[in-house]
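Below is one structure. I have some questions about it.
Letters go in sequence order (proteins before strands), and every chain restarts at 1.
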Number of protein chains: 2
Amino acid sequence: MDLQVQFGKRVKELRLAKGLSQEALALKAEVDRTYMTSVENGKRNVAIQNIGKIIAALDISIQDFFTTDIFEGIDE
Amino acid sequence: MDLQVQFGKRVKELRLAKGLSQEALALKAEVDRTYMTSVENGKRNVAIQNIGKIIAALDISIQDFFTTDIFEGIDE
DNA sequence: TCCATATGTGACTCATAGTCCGTTGACTTA
DNA sequence: TAAGTCAACGGACTATGAGTCACATATGGA
């Protein structure tokens, strides 16, 4: 599985756990709603600045964000 | 401190620990030599695909890469 | 049925990610 | 004095990510 796909899955997982809509999270992260949609669906090769914004909006540390089975076994 | 700066520091730290030159790591990660320099110096807003390539070239898991004090306290 | 909320998609512009050519300076070894 | 390795930088270039929009779809409630 592609890393950008894994990233999207993780974002969606954490967003749903917080009971937020894509739009609410996008607002908090200061990105466009449709951009957030494509990130969650693994369509975007997100750059690290936006990764930081999104993780911060999820109220989780970088460490905790990446510490999950989703990121086991990167194909690349 | 900026996330892309923290990322660069972490890459450099792990690269030196492995005794690799920037060029050797760049070759392994399949990115440009000059690009690796600017990444380590926090000048690049690296996209997640290249983050994956670089971390893989460092022979470390995503989890372990981000589990370090360097990533404590993101300003964003 | 109508309306609001939530999500997804294709296309677009523009800034920049990333490559490839080279140079320079610091350091090391011969 | 070379001659080599390494890190950093720069200019020019191409590929692609950032950011936005119109529009579509699905759902649930009044």
Side-chain angles (χ1 to χ4, degrees), chain A residues 1-62 65-66 68 70-71 74-76, chain B residues 1-62 65-66 68 70-71 74-76:
Chain A
M1 183 168 44
D2 200 294
L3 183 52
Q4 73 189 45
V5 175
Q6 295 172 311
F7 178 78
K9 282 189 194 296
R10 181 64 167 151
V11 169
K12 182 169 190 174
E13 172 183 80
L14 291 167
R15 174 179 65 80
L16 293 177
K18 288 180 69 74
L20 293 175
S21 68
Q22 287 180 348
E23 185 163 23
L25 181 61
L27 265 170
K28 217 177 157 197
E30 295 181 298
V31 297
D32 195 77
R33 173 189 69 79
T34 64
Y35 181 73
M36 187 64 74
T37 297
S38 51
V39 166
E40 280 194 1
N41 290 329
K43 306 280 177 59
R44 297 275 186 157
N45 186 14
V46 197
I48 199 166
Q49 294 287 358
N50 279 341
I51 291 174
K53 280 191 191 178
I54 293 169
I55 292 179
L58 288 166
D59 296 314
I60 191 175
S61 69
I62 303 254
F65 180 90
F66 286 102
T68 164
I70 292 182
F71 293 105
I74 323 111
D75 290 336
E76 170 134 332
Chain B
M1 183 167 45
D2 199 296
L3 182 52
Q4 72 189 45
V5 174
Q6 295 173 311
F7 178 77
K9 282 189 195 295
R10 181 63 168 150
V11 170
K12 182 169 191 174
E13 171 183 79
L14 292 166
R15 174 179 64 81
L16 293 178
K18 288 180 69 72
L20 294 174
S21 68
Q22 287 180 347
E23 185 164 23
L25 181 61
L27 264 171
K28 214 175 161 200
E30 295 180 298
V31 299
D32 194 76
R33 163 183 65 83
T34 66
Y35 181 67
M36 189 62 76
T37 297
S38 52
V39 166
E40 281 194 0
N41 290 327
K43 309 275 179 61
R44 294 288 182 154
N45 187 16
V46 196
I48 198 166
Q49 294 288 358
N50 279 342
I51 291 174
K53 281 190 190 178
I54 292 170
I55 292 178
L58 287 166
D59 296 314
I60 191 174
S61 69
I62 303 253
F65 181 90
F66 287 104
T68 164
I70 292 182
F71 293 104
I74 324 111
D75 290 337
E76 168 141 332

Between C:dT9, C:dG18, D:dA8, which one does the side chain of B:Arg33 approach most closely?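 Of C:dT9, C:dG18, D:dA8, D:dA8 is nearest to the side chain of B:Arg33.
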Does A:Ser38 reach a base, just sugar-phosphate, or nothing at all? Heavy atoms under 4.0 Å.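 Answer is nothing: A:Ser38 stays at 4.0 Å or more from every strand.
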Does A:Tyr35 have a side-chain nitrogen or oxygen under 4.0 Å from the phosphate oxygens OP1 or OP2 of D:dG19?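 No, A:Tyr35 has no side-chain N/O under 4.0 Å of OP1/OP2 on D:dG19.
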Nearest-angstrom distance from the residue atom CD of B:Gln4 to C1' of C:dG18: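 So the CD-C1' distance, B:Gln4 to C:dG18, works out to 14 Å.
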Can you see if the side chain of A:Asn45 gets near the phosphate of D:dG17 - specifically, an N or O under 4.0 Å from OP1 or OP2?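 For A:Asn45, the contact criterion (side-chain N or O under 4.0 Å from OP1 or OP2 of D:dG17) is met.
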Please report the C-alpha distance between B:Phe65 and A:Phe71 in whole Å, then the side-chain angles of each, then the deciding distance to 0.1 Å, and finally whether the ring-ring contact (aromatic ring centres under 6.0 Å, His included) criterion is met. CA-CA 12 Å; B:Phe65 181 90; A:Phe71 293 105; over 10 Å; no
Nearest-Å distance for atom pair CD/P, residues B:Glu23 and D:dA8: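 To the nearest whole Å, that distance equals 14 Å.
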Using a cut-off of less than 4.0 Å, is there contact between a side-chain N or O of A:Lys43 and OP1 or OP2 of D:dA18?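 No, no such contact exists.
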Please state whether the phosphate of D:dA7, meaning OP1 or OP2, lies under 4.0 angstrom from any side-chain nitrogen or oxygen of B:Asn41.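 No, no such contact exists.
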Within the distance-only criterion (no hydrogens, no angle test), does the side chain of A:Asp32 pair as donor or acceptor with the backbone N or O of A:Thr34 below 3.5 angstrom?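 The answer is yes, because a donor-acceptor pair under 3.5 Å joins these two groups.
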Looking at D:dC21, does its base get a donor-acceptor pair with the side chain of A:Thr34 below 3.5 Å?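 Under the 3.5 Å cut-off, the side chain and the base do form a donor-acceptor pair.
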Take atom CD of B:Glu40 and atom C1' of C:dA17, then tell me their distance rounded to the nearest Å.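 Value for this atom pair: 17 Å.
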Spacing between B:Lys53 atom NZ and D:dT16 atom P, to the nearest angstrom: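 The distance from NZ of B:Lys53 to P of D:dT16 comes to 10 Å, rounded to the nearest Å.
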Answer yes when B:Arg15 and B:Glu40 have at least one side-chain N-carboxylate O distance shorter than 4.0 Å, and no when they do not.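 Counted as a salt bridge, because a side-chain N and a carboxylate O are separated by less than 4.0 Å.
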Do A:Lys9 and A:Asp2 meet the salt-bridge criterion of a basic N to acidic O distance under 4.0 Å?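 Salt bridge flag = no for A:Lys9 with A:Asp2.
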When the distance from CG of B:Leu27 to P of C:dG18 is rounded to whole Å, what number comes out?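 Distance, rounded to whole Å: 17 Å.
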The side chain of A:Asp32 lies closest to which of these nucleotides: D:dT20, D:dC9, C:dG18?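 Nearest to the side chain of A:Asp32 among the choices is D:dT20.
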Think B:Asn50 has a side-chain N or O under 4.0 angstrom from the OP1 or OP2 of C:dG18?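 Yes, B:Asn50 has a side-chain N/O under 4.0 Å of OP1/OP2 on C:dG18.
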For B:Glu30 and D:dA15, give me the distance from atom CD to atom C1', rounded to whole Å.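 Between C1' of D:dA15 and CD of B:Glu30: 17 Å.
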Return the minimal non-hydrogen interatomic distance between A:Leu58 and A:Lys18, and the atom names on each side.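 For A:Leu58 and A:Lys18, the tightest heavy-atom pair comes out as O-CD, 3.5 Å.
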In whole angstrom, give the distance that lies between atom CE of A:Met36 and atom P of D:dA18.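 Distance check: A:Met36 CE to D:dA18 P gives 12 Å.
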Separation of atom CZ in B:Arg44 from atom P in D:dA8, rounded to whole Å: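 Taking CZ of B:Arg44 and P of D:dA8, I get 14 Å after rounding.
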Sugar-phosphate, base or nothing in reach of A:Thr37, heavy atoms under 4.0 Å: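 The answer is base, as A:Thr37 lies within the cut-off (heavy atoms under 4.0 Å) of a base atom.
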Touch class at under 4.0 angstrom, heavy-atom based, for B:Val31 against every strand present: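 Here B:Val31 touches the backbone only, sparing every base.
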